[in-house]
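Structure record follows, encoded as structure tokens.
Side-chain atoms are counted along with the backbone in the values below, which use heavy atoms only and exclude waters and symmetry mates. Residues take their numbers from the sequence shown, with the count starting at 1.
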Amino acid sequence: MKRITGLLLATSLSLALGACGGSGEDELTPTIPTPDPTPPSLSADVCYLMSTTKGDLTLAIDLTHMPITGKNFKQYVDKSFYNGTLFHRTINNFVIQGGGFTTGLQSKPTSAPIKNEAAVGISNKRGTIAMARTTVPDSATSQFFINVLDNPQLDASASSYGYAVFGKVVEGMDVVDQISIVPTKTSNGFSDTPVNEILINSVTETNCPAA
């Protein structure tokens with residue numbers, strides 16, 4: 001089983017440093033909320049076609065049950081933030097992660113961090129998309145990951161804030177699988193980075209596939 005620390009990014013070091021201040025970390029860390037024991041099913045409120053250098057995939061985003069997280073992703077799409085960013089981290093049988101860096105692993109400035117909605121209880125199942133973050137629970141900004149397998153260890157629990165799922169891949173999981181198995185390297189503190197960059201060319205709104 002992959003450890004949750006796999007998503008606590010060395011590549012998000014700037015966020016971790018940004019969270020430091022004069023107060024102790026305990027004062028800044030919210031109480032772990034109780035996850036919903038009967039979580040809702042994901043809604044497909046808006047869909048996006050994500051075109052990558054490995055192929056296309058369609059994402060269905062839940063704005064109903066995950067209003068903060070879903071709208072956060074939407075506002076990044078609306079301003080074309082993800083165009084030209086990388087899938088900078090790919091781990092076979094775990095996740096692929098992107099949305100924060102451009103070619104050469106140059107970070108992009110982001111909007112303010114958002115509240116972690118993982119306590120809604122939607123599970124990190126294969127094909128779902130969730131927000132990446134640092135060790136600070138409410139630190140997610142633009143980076144997201146797609147679960148390659150079921151990863152219940154990433155869900156909110158009595159002892160973990162979890163990672164907020166806000167949508168799923170409805171077409172193109174074969175592309176996700178192909179991205180997850182590319183050769184990787186460690187470079188300048190970035191681990192599991194594709195040897196050959198995988199770009200997100202564009203993310204555009206599209207019709208949701210028929211259920």
Side-chain angles (χ1 to χ4, degrees), residues 7 35-100 111 114-132 140-156 162-182 194 198-211:
L7 291 175
D36 189 335
T38 55
S41 298
L42 281 166
S43 295
D45 295 313
V46 62
C47 289
Y48 296 107
L49 178 67
M50 179 177 285
S51 175
T52 81
T53 49
K54 284 290 188 179
D56 296 347
L57 50 144
T58 302
L59 304 172
I61 303 303
D62 188 338
L63 304 176
T64 301
H65 305 108
M66 304 298 291
I68 296 172
T69 317
K71 289 174 184 176
N72 176 70
F73 186 81
K74 184 179 187 299
Q75 63 95 11
Y76 280 111
V77 172
D78 288 347
K79 61 185 181 183
S80 302
F81 178 92
Y82 292 121
N83 298 359
T85 59
L86 300 170
F87 276 107
H88 63 272
R89 196 157 183 259
T90 64
I91 305 177
N92 188 24
N93 291 327
F94 189 35
V95 302
I96 64 172
Q97 182 176 328
S111 300
I114 60 171
K115 180 177 175 59
N116 188 343
E117 292 183 297
V120 170
I122 301 171
S123 184
N124 281 269
K125 293 183 177 179
R126 170 173 163 81
T128 55
I129 179 172
M131 293 306 296
T141 53
S142 66
Q143 290 188 43
F144 60 87
F145 62 91
I146 298 173
N147 288 289
V148 177
L149 296 181
D150 290 354
N151 287 312
Q153 73 274 22
L154 303 183
D155 295 347
Y163 294 79
V165 171
F166 62 96
K168 63 181 178 180
V169 177
V170 290
E171 291 180 344
M173 268 307 289
D174 57 323
V175 175
V176 174
D177 290 336
Q178 287 301 309
I179 292 173
S180 74
I181 61 173
V182 298
I198 300 172
L199 279 169
I200 298 172
N201 296 318
S202 62
V203 184
T204 54
E205 189 169 345
T206 188
N207 293 326
C208 292

message = For the residue pair S51 / D56, report whether a side-chain donor-acceptor contact shorter than 3.5 Å exists.
response = yes
ask   = With side chains defined as the heavy atoms from C-beta onward, is the minimum distance between Y163 and N151 less than 4.5 Å?
value = no
message = Measuring from atom OG1 of T85 to atom CG of N201, what distance do you get when rounded to the nearest 0.5 angstrom?
response = 9.5 Å
ask   = Is a side-chain N or O of N116 found less than 3.5 angstrom from the main chain of G162, in a donor-acceptor match?
value = yes
ask   = Can you check side-chain contact (heavy atoms from CB on, under 4.5 Å) on V46 and E205, steps first, answer last?
value = CA-CA 7 Å; V46 62; E205 189 169 345; 3.6 Å; yes
ask   = Judged by atom type as modelled, is there a donor-acceptor pair below 3.5 Å linking the side chain of T53 to the main-chain atoms of L199?
value = yes
request  = For the pair D36 and V120, evaluate side-chain contact (heavy atoms from CB on, under 4.5 Å) and give the outcome as yes or no after the intermediate values.
outcome  = CA-CA 5 Å; D36 189 335; V120 170; 5.8 Å; no
message = Closer than 3.5 angstrom, by distance alone: can the side chain of N93 be matched with the main-chain N or O of V148 as a donor-acceptor pair?
response = no
Shortest non-hydrogen separation from H88 to P194 and the atoms involved = O-CD, 3.6 Å
request  = Start with the C-alpha gap between M173 and L57, add the side-chain angles, then the distance that decides, and say whether side-chain contact (heavy atoms from CB on, under 4.5 Å) holds.
outcome  = CA-CA 7 Å; M173 268 307 289; L57 50 144; over 6 Å; no
ask   = What closest approach, in Å, do S202 and N83 show between heavy atoms, and which atom pair accounts for it?
value = CA-OD1, 3.2 Å
message = How long is the straight-line distance from CG of L59 back to CD of E171, given to the nearest 0.5 Å?
response = 10.5 Å
ask   = About how many Å separate CG of L42 and OG1 of T64, when rounded to the nearest 0.5 Å?
value = 10.5 Å
ask   = Any side-chain heavy-atom pair from I129 and V169 closer than 4.5 angstrom?
value = no
Over all atoms of both residues, closest heavy-atom pair of P67 and E117 = CD-OE2, 3.3 Å
inquiry  = For a 4.5 angstrom cut-off between non-hydrogen side-chain atoms, does K74 reach I61?
reply    = no
inquiry  = For Y76 and Y82, take the angle between the two ring planes, folded into 0 to 90°, and tell me which bin it lands in: parallel under 30, tilted 30 to 60, perpendicular over 60.
reply    = tilted
task = Report the distance from atom CZ of F73 to atom CE of M131, rounding to the nearest 0.5 Å.
result = 8.5 Å
ask   = Rounded to the nearest 0.5 Å, how far apart are CD of Q97 and CD1 of I146?
value = 11.0 Å
remark   = The residue among D155, V165, N147 that forms side chain to side chain contact (heavy atoms under 4.5 Å, CB included) with S123 is D155
key: Shortest non-hydrogen contact between Y48 and V203, atoms and distance   = CB-CG1, 3.7 Å
request  = Applying salt bridge (Lys or Arg N to Asp or Glu O under 4.0 Å), run through D177 and R126 and close with a yes or a no.
outcome  = CA-CA 10 Å; D177 290 336; R126 170 173 163 81; 2.9 Å; yes
query = Hey, what do you get for CZ (F87) to NZ (K54), rounding to the nearest 0.5 Å?
reply = 12.5 Å
key: Contact summary for S142 and G100, nearest pair of heavy atoms   = OG-CA, 4.0 Å
request  = Please report the shortest heavy-atom distance between S111 and K79, naming the atom on each side.
outcome  = OG-NZ, 3.1 Å
